[in-house]
Amino acid sequence: QVHLVESGGGEVQAGDSLRLSCVPSGLTFSRYDMGWFRQAPGKEREFVAAISLGGSTKFVTDSVKGRFTISRDNAKNTVYLQMNSLKSEDTAAYYCAANSGKWSPRDSSRYDYWGQGTQVTVSS
């Protein structure tokens with residue numbers, strides 16, 4: 001059975017940093033492209049960042065470009081989302097997702113597995 005477990009969320013002040021981690025189990029991590037999405041109350045889930053299975057290709061949505069960085073360590077079976085200069089509009093539940101097939105990084109419907117999410121709350 002596949003599980004993706006996110007951690008690292010919390011309540012911070014605007015301008016602070018957080019690093020989210022996601023550790024999948026039940027799958028061969030190095031064979032999956034990975035993505036981070038977020039969903040704020042009353043809004044649709046939106047793409048944040050994605051990274052290819054080998055880590056050589058990355059995508060980041062414009063609203064977080066220059067502030068968020070996605071990375072992965074295949075030896076540790078972990079994908080990270082480093083979030084710097086956090087803003088109140090970054091407040092959301094953050095989800096990691098895994099894709100094994102044809103990849104469309106920004107399309108949530110293309111991902112096979114999802115975590116339960118970790119909450120990030122940024123106060124101004």
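Numbering starts at 1 and runs along the sequence shown.
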*Step by step, work out the side-chain contact (heavy atoms from CB on, under 4.5 Å) result for L53 and W103.*
CA-CA 10 Å; L53 53 88; W103 193 33; over 6 Å; no

*Would you check, one step at a time, whether the test side-chain contact (heavy atoms from CB on, under 4.5 Å) holds for L20 with M83?*
CA-CA 8 Å; L20 305 183; M83 306 187 296; 3.7 Å; yes

*Apply the test side chain to side chain donor-acceptor pair (under 3.5 Å) to residues N84 and S17: give CA-CA distance (whole Å), side-chain angles for both, the deciding distance (0.1 Å), then the verdict.*
CA-CA 4 Å; N84 299 329; S17 298; 2.9 Å; yes

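In terms of heavy atoms, G115 sits closest to Y95 at O-CD2, 3.5 Å. Here the closest non-hydrogen pair linking L81 and A49 is CD1-CB, 4.1 Å. The minimum heavy-atom distance linking S124 with A14 is given by the pair CA-CB, 4.1 Å. Considering every non-hydrogen atom in both S30 and N74, the closest pair reads CB-ND2, 3.7 Å. Of all non-hydrogen atoms in V64 and V48, the two that sit nearest each other are CG2-O, 4.1 Å. Closest heavy-atom contact between F29 and D73: CE2-O, 3.9 Å.
Cluster annotation: Y32 and V23 are assigned to distinct hydrophobic clusters (Ile/Leu/Val/Met/Phe/Trp/Tyr, side-chain heavy-atom contacts under 4.5 Å, transitive). Taken together through direct or relayed side-chain contacts under 4.5 Å among Ile, Leu, Val, Met, Phe, Trp and Tyr, V60 and M34 form part of one hydrophobic cluster. Placement of I70 and W114 in two distinct hydrophobic clusters is found when ILVMFWY residues are connected by side-chain heavy-atom separations under 4.5 Å, directly or transitively. Criterion: ILVMFWY side-chain heavy atoms under 4.5 Å apart, direct or through other members. Under it, Y94 and L18 are part of a common hydrophobic cluster.
At most 12 heavy atoms of other shown residues, nucleotides or ligands fall within 6.0 angstrom of atom CD in Q116. When the shell of 6.0 Å around CD of E89 is examined, it contains more than 12 heavy atoms from other residues, nucleotides or ligands. Atom NZ of K65 sits in a crowded spot, with more than 12 heavy atoms from other residues, nucleotides or ligands closer than 6.0 Å. Enclosure of atom CZ in R106 by more than 12 non-hydrogen atoms of other residues, nucleotides or ligands within 6.0 angstrom is indicated.
By the 4.5 Å heavy-atom criterion applied to side chains, F68 and W36 are not counted as neighbours.
Close placement of the F37 and Y111 rings is indicated, their centers lying within 6.0 Å of each other.
Atom CG of residue L86 and atom OG of residue S123 lie 10.5 Å apart, to the nearest 0.5 angstrom. The OG atom of S100 sits 8.5 Å away from the CG atom of D33 when rounded to the nearest 0.5 Å. The distance from atom CZ of R38 to atom CD of E46, rounded to the nearest 0.5 Å, is 4.5 Å. To the nearest 0.5 Å, atom NE2 of residue H3 and atom CG of residue L27 are 10.5 Å apart. Atom-to-atom distance recorded for S104:OG and F47:CZ is 9.5 Å, nearest 0.5 angstrom. In this structure, the separation between OG on S21 and CG on N77 is 12.5 Å, given to the nearest 0.5 Å.
Although no hydrogens or angles enter the test, the distance criterion places a donor-acceptor pair under 3.5 Å between the side chain of E6 and the main chain of G117. In terms of modelled atom types and a separation under 3.5 Å, the side chain of R72 and the main chain of S52 share a donor-acceptor contact. Checking side-chain atoms of R67 against main-chain N and O of S63 turns up a donor-acceptor pair under 3.5 Å. The main-chain N or O of V122 is found under 3.5 Å from a side-chain atom of T91 such that the two form a donor-acceptor pair.
Taking a cutoff of 4.0 Å between a charged side-chain nitrogen and a carboxylate oxygen, D90 and K87 do not qualify as a salt bridge.
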